[in-house]
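Here is the structure we will look at.
In what follows, residues are counted from 1 in the order of the sequence shown. FYI, side chains are in, hydrogens and waters are out, and symmetry mates aren't considered; it's all heavy atoms of this structure. In this text the structure is predicted, and so the values were computed from the model without any measurement. Note that ligands are numbered from 1 as they come in the structure, with each ligand's atoms numbered from 1 the same way.
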Amino acid sequence: MCGIVGLMANQAVNQGLYDALTVLQHRGQDAAGMMTWHEGRFLLRKSNGLVRDVFHTRHMARLKGNLGIGHVRYPTAGSSSEAESQPFYVNSPYGITLAHNGNLTNSDQLKQELFSTDLRHINTSSDSEVLLNVFAHELGKQGLYLSPEDVFDAVRRVHRRCKGGYAAVAIINGFGMVAFRDPHGIRPVVYGARQDDGGRQEVMIASESVALDVGGFELHRDLAPGEAIFVDMAGQIHTQQCADAPTLAPCIFEHVYLARPDSILDGAYVYGTRMQMGRKLGDRILRDWPEHDIDVVIPIPDTSRTSALELAQHLGVTFREGFMKNRYIGRTFIMPGQTQRKKSVRQKLNAIDIEFRGKNVLLVDDSIVRGTTCKQIIQMAREAGANKVYFASAAPPVRYPNVYGIDMPAANELIAHGRSEAEVGELIGADRIFYQDLEDLKSACREVNPAMQEFDCSVFDGNYVTGDIDDAYLAALEASRNDSAKQQSAGDHALVGMHNQDDDLDD
Ligand SMILES: O=P(O)(O)OC[C@H]1O[C@H](OP(=O)(O)OP(=O)(O)O)[C@H](O)[C@@H]1O
Ligand SMILES: NC(=O)CC[C@H](N)C(=O)O
Ligand SMILES: [Mg+2]
């Protein structure tokens, strides 16, 4: 789950893109990039690091133009090298730049086809470079002048060739900005507009509506699964359904953890779906243990706060902030290696012992994935003097790898893989564990927006909505992207990325 943004305005877009990337930072902390379009040329700055570290005043000054796209990266394919950060650029046809959130599941096959049939070279191991080249190749079939229909025809053929989860935003040199969403709508994209002082329309496309809020854009809507939007150079918006059989099955983990609570995804406030998760989890606890002896409910900052507060209210138990979060440490789950993740949990969270001493505490988190957070937190709660430590997860057990843009490639890295709920509880050192039921999680989201009926719940049920995932695919994914494989490729900066590598500008 990277963050993507595209902006077409009647003034320079560099600051607007920067601001949007800053509020999308929670979707990717490894690298950031921005490509603007100015007088027929693309201008690029991308590098490893947080948004605030990648773009300095001198870079911003060079990113001229009223049209641009941006990206924050959380790698799910290839390496974490700078060359694989985004946006990507391809010269032909027209000159195109693209930023992608998601993961293509037939990337290897497409790469072969691009080489042997389409005569295109892919120089990195990023699936996003593959997606860009498939789009470029399909666009190249359209002729000299591009109408909105030509762009949509190309997207239609992209959907026929590409499999997996993808939300992408691109600029076609001289023609406009385009975005598209995969036929299952696994990854989110929204768009909206604002008026400039002269009453002219400016358009933003982004992964989450919170980026639009911050820029003063009015949210129009989500792109439907399979739909594309094209904003021509006059700022006119064109949209069209480009998939043969679209079905909405958004990634439910966006609602559990990935998205910000102040975003509206597929018409549902994430804040609202998380509150519902809290209520449903409360029901589950009351069902399993009506005579519970919980004295206090304590959230694990940040993401679980919304559901934990609602859960406490529902149980009629006091809610307390027992852990303080160091605001300068980012999200630990999306950090690249287990050593760093482990160390960061302790740096990030500290217990306030008076909230624990002699009490039976229920710690609430949005999810338990590798178990890195909960193991340490339970230990901290005990050291702070808790009498009993119970643990509740607002999501069901995460048992299966993700193949659509969340970096959970190896089943054996998931603490609940092949284990019962009680076994996980024992392993993390909890006196009792409670998990959300999958049906309750789905209902929590449906109750906020009944138009969302189906979901990609693969990390919970191992059912991959694109229908193309088999054991061989999962085995290959695990071999190439488990923690130790990633460590080996992390320092691979010899790769040639098709981008400006102005080292003298890096400071
Ligand atoms: O079982 P684990 O592998 O530890 O993964 C799950 C934890 O990771 C996430 O927190 P994170 O620190 O990434 O972000 P947050 O501050 O938004 O909660 C999530 O909210 C859980 O706390
Ligand atoms: N998390 C994502 O959306 C990743 C996008 C792309 N697969 C990459 O690795 O850069
Ligand atoms: Mg957390």
Side-chain angles (χ1 to χ4, degrees), residues 1-4 24-31 33 46 71-81 83-88 98-105 107 124-132 164-168 186-188 207 251 253-254 256-261 274 299-308 323 325-327 329-336 338 340-342 344-349 363-378 391 393-395 397-398 402-409 413-416 424 427-428 459 481 486:
M1 52 119 195
C2 302
I4 58 171
L24 295 174
Q25 186 79 80
H26 60 285
R27 298 185 68 84
Q29 301 171 164
D30 270 43
K46 63 178 182 178
H71 190 263
V72 283
R73 183 171 190 229
Y74 163 58
T76 59
S79 75
S80 55
S81 98
E84 299 198 5
S85 61
Q86 304 192 32
F88 275 98
L98 177 139
H100 162 224
N101 168 212
N103 197 55
L104 298 186
T105 50
S107 171
T124 69
S125 40
S126 165
D127 59 326
S128 309
E129 193 187 0
V130 170
L131 178 63
L132 167 58
Y166 49 94
I186 296 174
R187 302 260 72 92
S207 297
C251 169
F253 210 66
E254 290 279 352
V256 169
Y257 165 73
L258 304 179
R260 264 176 59 147
R274 287 191 189 151
I300 314 295
D302 256 334
T303 303
S304 73
R305 276 207 175 107
T306 315
S307 45
F323 292 102
K325 187 192 144 192
N326 177 346
R327 69 180 70 200
I329 305 282
R331 296 184 114 180
T332 51
F333 170 71
I334 61 173
M335 286 175 180
Q338 186 60 6
Q340 192 184 353
R341 285 192 288 260
K342 240 177 169 162
S344 299
V345 171
R346 196 60 191 86
Q347 286 176 334
K348 180 171 162 171
L349 297 167
L363 307 182
V364 182
D365 211 345
D366 51 85
S367 57
I368 301 171
V369 183
R370 298 178 180 91
T372 322
T373 309
C374 57
K375 268 190 198 158
Q376 293 190 61
I377 289 292
I378 290 171
F391 204 93
S393 161
V398 173
N402 187 283
V403 299
Y404 301 129
I406 311 174
D407 198 30
M408 295 183 199
E413 287 173 11
L414 307 171
I415 194 166
V424 175
L427 203 61
I428 66 175
V459 298
R481 289 204 60 78
K486 261 184 286 185

Query - T372, portion touching ligand 1 at heavy-atom distance under 4.0 Å - result: both
Requested in this report: Taking only heavy atoms of T332 into account, list the atoms of ligand 1 that are under 4.0 Å away from them.
Outcome: 11 (P), 12 (O), 13 (O)
Query raised in the report: Is the closest heavy atom of C374 to ligand 1 under 4.0 Å?
Result: no
**Report entry** Nearest non-hydrogen partners of D30 and I334, listed with the distance
**Finding:** OD1-O, 4.1 Å
Query raised in the report: Looking at CD1 of I428 and CD1 of I368, how far apart are the two atoms once the value is rounded to the nearest 0.5 Å?
Result: 4.5 Å
**Report entry** N402 vs F253 side-chain heavy atoms within contact, under 4.5 Å
**Finding:** no
**Report entry** Close approach, R187 and ligand 2, non-hydrogen under 4.0 angstrom
**Finding:** no
Query raised in the report: By number and element, which atoms of ligand 2 are closer than 4.0 Å to a non-hydrogen atom of H100?
Result: 5 (C)
Query raised in the report: With a cut-off of 4.0 Å, which atoms of ligand 2 are near a heavy atom of Y74?
Result: 1 (N), 2 (C), 4 (C)
Query raised in the report: Can you tell me the protein heavy atom closest to atom 6 (C) of ligand 1 and the distance?
Result: S367 O, 3.5 Å
Query raised in the report: Which atom names give the shortest non-hydrogen contact between C2 and R73, and what distance separates them?
Result: SG-CA, 3.8 Å
Query raised in the report: Side chain or backbone of V369 under 4.0 Å from ligand 1, or both, or neither, by non-hydrogen atoms?
Result: both
Query raised in the report: If you count the atoms of ligand 2 from 1 in the order shown, which ones are under 4.0 Å from a heavy atom of A77?
Result: 9 (O)
Report task. Indicate yes or no: does an N/O atom of Q86 lie under 3.5 Å from an N/O atom of ligand 2? Result -> yes
Requested in this report: Check whether any side-chain heavy atom of V369 lies under 4.5 Å from a side-chain heavy atom of L414, and answer yes or no.
Outcome: yes
**Report entry** Protein contact to atom 21 (C) of ligand 1 [nearest heavy atom, distance to 0.1 Å]
**Finding:** D365 OD2, 3.2 Å
Report task. Starting from the C-alpha separation in whole Å, work towards a yes-or-no answer on side-chain contact (heavy atoms from CB on, under 4.5 Å) for R260 and R27. Result -> CA-CA 9 Å; R260 264 176 59 147; R27 298 185 68 84; over 6 Å; no
Query raised in the report: Any heavy atom of G78 sitting closer than 4.0 Å to ligand 2?
Result: no
Report task. Return yes or no for this condition: an N or O of P75 is under 3.5 Å from an N or O of ligand 2. Result -> no
Requested in this report: Name the orientation class of the two ring planes belonging to Y257 and F333 (parallel below 30°, tilted from 30 to 60°, perpendicular beyond 60°).
Outcome: perpendicular
Query raised in the report: Atom OG in S85, atom NE2 in H71: separation rounded to 0.5 Å?
Result: 9.0 Å
Report summary line: among protein heavy atoms, the one nearest atom 20 (O) of ligand 1 is D366 OD2, 2.5 Å
Report summary line: Of all heavy-atom pairs linking G102 and D127, the shortest is O-OD2, 3.9 Å
Report task. Among all protein heavy atoms, pick the one closest to atom 5 (C) of ligand 2 and tell me residue, atom and distance. Result -> G102 O, 3.2 Å
Query raised in the report: Within 45° of the ring axis of F323 and under 6.0 Å from its six-membered ring centre, is that where the NZ or CZ of K348 lies?
Result: no
Requested in this report: Heavy-atom contacts with I368 under 4.0 Å: which atoms of ligand 1 show up? List them by number with element.
Outcome: 1 (O)
Query raised in the report: So which protein heavy atom does atom 7 (N) of ligand 2 come closest to, and at what separation?
Result: D127 OD1, 2.7 Å
Query raised in the report: What distance separates R187 CZ from N101 CG, expressed to the nearest 0.5 Å?
Result: 5.5 Å
Report task. Would you tell me whether T303 and R331 have side-chain atoms, one donor and one acceptor, within less than 3.5 Å of each other? Result -> yes
Query raised in the report: Considering only protein heavy atoms, which is closest to atom 3 (O) of ligand 1, and at what distance to one decimal place?
Result: R370 N, 2.8 Å
Requested in this report: Output yes when the distance from some N or O of ligand 2 to some N or O of E84 is under 3.5 Å, and no in every other case.
Outcome: no
Report summary line: Rounded to the nearest 0.5 Å, the CZ atom of R481 sits from the CG atom of D407 at a distance of 4.5 Å
Report task. Just go through K375, K348, R331 and tell me whose heavy atom is the nearest to atom 12 (O) of ligand 1. Result -> K348
Report summary line: When every non-hydrogen atom of Q376 is compared with those of K342, the smallest separation belongs to NE2-O, 2.9 Å
Query raised in the report: For ligand 2, which atoms sit closer than 4.0 Å to a heavy atom of N103?
Result: 7 (N)
Query raised in the report: Is there any N or O on H71 that sits under 3.5 Å from an N or O of ligand 2?
Result: no
Query raised in the report: Which heavy atom in M408 sits nearest to a heavy atom in V398, and how many Å separate them?
Result: SD-CG1, 3.8 Å
Requested in this report: Please say whether T373 places an N or O atom under 3.5 Å from an N or O atom belonging to ligand 1.
Outcome: yes
Query - ligand 1 to F333 polar contact by distance, N or O atoms, under 3.5 Å - result: yes
Report summary line: atom 4 (C) of ligand 2 has as its nearest protein heavy atom C2 SG, 3.0 Å
Query raised in the report: Can you tell me the protein heavy atom closest to atom 15 (P) of ligand 1 and the distance?
Result: T303 OG1, 3.4 Å
Query raised in the report: What protein heavy atom is closest to atom 10 (O) of ligand 1, reported as residue, atom name and distance in Å?
Result: Y257 CE1, 3.7 Å
Query raised in the report: Looking at ligand 1, does any of its N/O atoms fall within less than 3.5 Å of an N/O of G330?
Result: no
Query raised in the report: Between I4 and A167, which heavy-atom pair has the shortest distance, and what is it?
Result: CD1-O, 3.5 Å
Requested in this report: Considering heavy atoms of the protein only, find what lies nearest to atom 10 (O) of ligand 2 and give residue, atom and distance to 0.1 Å.
Outcome: R73 NE, 2.6 Å
